[in-house]
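In this chain, numbering begins with 1 at the start of the sequence shown. The structure displayed is predicted, hence computed values, not measured ones.
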Amino acid sequence: MSSTELPGVRSTAELSSPAGAVRLADGEQLRTAVLPGLDLAVRVRPPRRADLPPALFVHGLGGSSQNWSALMAQLADTVDGEAVDLPGFGWSPPPADRDYSVTAFARAVIRHLDAAGRGPVHLVGNSLGGAVSTRVAAVRPDLVRTLTLVSPALPELRVQRSAVPTALLALPGVAGLFSRMTRGLTAEQRTRGVTDLCYGDPSRVTPEGFRNAVEEMERRMALPYFWDAMTRTSRGIVDAYTLGGQHGLWRQAQRVLAPSLLVYGGRDQLVSYRMAHKAAASFRGSRLLCLPEAGHVAMMEYPEVVAAAFTELLRDTVAGAADRDTEEGRG
């Protein structure tokens, strides 16, 4: 059945625009999940077998579902993978209420999973997507089979200096200032800046990958809501960092029941490497993968290493569930 035959789904062709066309890796499809008051673009890699478990991938600030293409290709024989474009990013239109908070993004992910009936999924998030995925796993444990977080944006007392400009976007008027200050930069210069910030070793980006990223940067900068989405999302992250009590992200991390994998990069300029052990202590029974040479997007720099750790988590989770079933049968 094609995507156009599915209720509440639009085809890839409808997602083309004067600002650019959808770029898909071999084997990928892009469709739109239409929910009441919310449209979400979803990048899909059809499973190679009918019995593969479902997984959902959630990108970070300024990113898109395309950030997961390399990892999804590595996991093509392991999971039935989907990557969502959060509202206002990638090919998803902005939310009607202009709510870009972590809670609103988590609500969007939950609504998508509920409507699709794919849960429980193996949930994977990077940066902002890691904070969103943490909240989803804490409030809806029935939807999450395992949780994998790559450089999750969880509150830090001492923010790295290189992460300050992103935090400053949350302040009134700063987005306009940034826009004026960078008006003369080409899409290639902007892309180079993002690559230098997010990669531990920018030379790992292939020429083709860089050209694709420049093309995507040009498309995003042409969107009338680009700066609004960046500003409001940055504000949403800062707000999430200041929440206390049961809604605090570290408190919610402690409530996560799903087996968890935490991935941190030693050269991450946005999420401090020193937070790795705090995270490992907060997510009960979690396993930690530290990659000294990786930056903020380890799933793009070292997809084969992240895929191997993810696959091991799934294998051990399945084995553990089978052992529990055996023990219950004996009881």
Side-chain angles (χ1 to χ4, degrees), residues 57-64 67-68 70-71 83 86 89 100-103 105-106 109 123-138 147-170 193-202 204-205 230 233-243 248-254 256 260-283 286-303 305-306 309-310:
F57 302 83
V58 188
H59 65 80
L61 174 64
S64 73
N67 294 157
W68 298 105
L71 183 61
L86 292 172
F89 294 92
Y100 289 91
S101 66
V102 171
T103 297
F105 286 143
V109 170
L123 187 60
V124 186
N126 168 235
S127 192
L128 162 67
V132 171
S133 298
T134 297
R135 186 147 290 174
V136 172
L147 179 66
T148 298
L149 305 177
V150 181
S151 295
L154 300 174
E156 298 183 38
L157 291 178
R158 292 169 50 207
V159 178
Q160 295 188 100
R161 183 176 301 176
S162 51
V164 169
T166 301
L168 287 177
L169 274 176
V194 172
T195 301
D196 289 347
L197 180 65
C198 292
Y199 276 72
D201 179 4
R204 293 184 67 86
V205 181
M230 291 292 290
T233 303
S234 297
R235 193 172 300 153
I237 295 173
V238 172
D239 289 346
Y241 275 27
T242 61
L243 282 176
L249 285 169
W250 285 116
R251 179 70 63 85
Q252 292 194 321
Q254 294 170 352
V256 171
S260 302
L261 168 65
L262 309 171
V263 182
Y264 280 81
R267 295 183 178 179
D268 194 331
Q269 299 181 65
L270 294 171
V271 170
S272 176
Y273 190 62
R274 66 176 178 266
M275 300 303 294
H277 291 290
K278 177 178 174 62
S282 298
F283 290 88
S286 62
R287 53 186 70 188
L288 179 61
L289 173 63
C290 291
L291 301 176
E293 304 302 316
H296 191 59
V297 287
M299 74 285 187
M300 300 173 72
E301 286 190 89
Y302 299 96
V305 179
V306 176
F310 175 86

With sequence neighbours excluded, tell me which residues meet ring pair (Phe, Tyr, Trp, His ring centres under 6.0 Å) with F105.
-> none

Indicate every side-chain donor-acceptor pair of residues 289-297 with a distance under 3.5 Å to a residue at least two apart or in another chain.
residue, atom, partner, partner atom, Å
E293, OE1, R267, NE, 3.4
E293, OE1, R267, NH2, 2.6
H296, ND1, D268, OD1, 3.0
H296, ND1, D268, OD2, 3.0
H296, NE2, S127, OG, 2.8

Taken in chain and number order and not counting sequence neighbours, the residues that satisfy side chain to side chain contact (heavy atoms under 4.5 Å, CB included) with A83 are R43, F57, S65, W68, M72

Side chain to side chain, F283 and T134, heavy atoms closer than 4.5 Å | yes

Does S282 have any side-chain hydrogen bond (donor to acceptor under 3.5 Å, both in side chains) partners at least two apart in sequence or in another chain, and if so, which?
-> none

Rounded to the nearest 0.5 Å, what's the gap from CG on L61 to OG on S234? Could you check?
-> 4.5 Å

Find the distance between OG1 (T242) and CG (L249) and round it off to the nearest 0.5 Å.
-> 10.0 Å

d(D201 CG, Y302 OH) to nearest 0.5 Å is 6.0 Å

Over all atoms of both residues, closest heavy-atom pair of R135 and G248 | NH2-C, 4.5 Å

In terms of heavy-atom contacts, L262 and S286 come closest through CD1-OG, 3.8 Å

Shortest non-hydrogen contact between G130 and P152, atoms and distance | CA-CB, 4.1 Å

Contacts of D196 meeting side-chain hydrogen bond (donor to acceptor under 3.5 Å, both in side chains) (sequence neighbours excluded), chain-then-number -> none

What one should report as the nearest heavy-atom pair of N126 and S151 is ND2-CB, 4.2 Å

With sequence neighbours excluded, tell me which residues meet ring pair (Phe, Tyr, Trp, His ring centres under 6.0 Å) with F89.
-> H59

Considering non-hydrogen atoms only, spot the tightest contact between A279 and Y264 and give its length.
-> CB-OH, 3.3 Å

After noting the C-alpha distance and the side-chain angles of V271 and E156, does the key distance pass the side-chain contact (heavy atoms from CB on, under 4.5 Å) rule?
-> CA-CA 8 Å; V271 170; E156 298 183 38; 3.8 Å; yes

Which atom names give the shortest non-hydrogen contact between A137 and V256, and what distance separates them?
-> CB-CG2, 3.9 Å

Spatial distance of atom CG (L128) from atom CG (L270) [nearest 0.5 Å] = 12.0 Å

Output for pair (L288 CG, L149 CG), nearest 0.5 Å, gives 11.0 Å

Looking at OG of S272 and CG of L154, how far apart are the two atoms once the value is rounded to the nearest 0.5 Å?
-> 12.0 Å

Check each of V305, V124, T148, N67 against M299 using the side chain to side chain contact (heavy atoms under 4.5 Å, CB included) test, and report the only one that passes.
-> N67

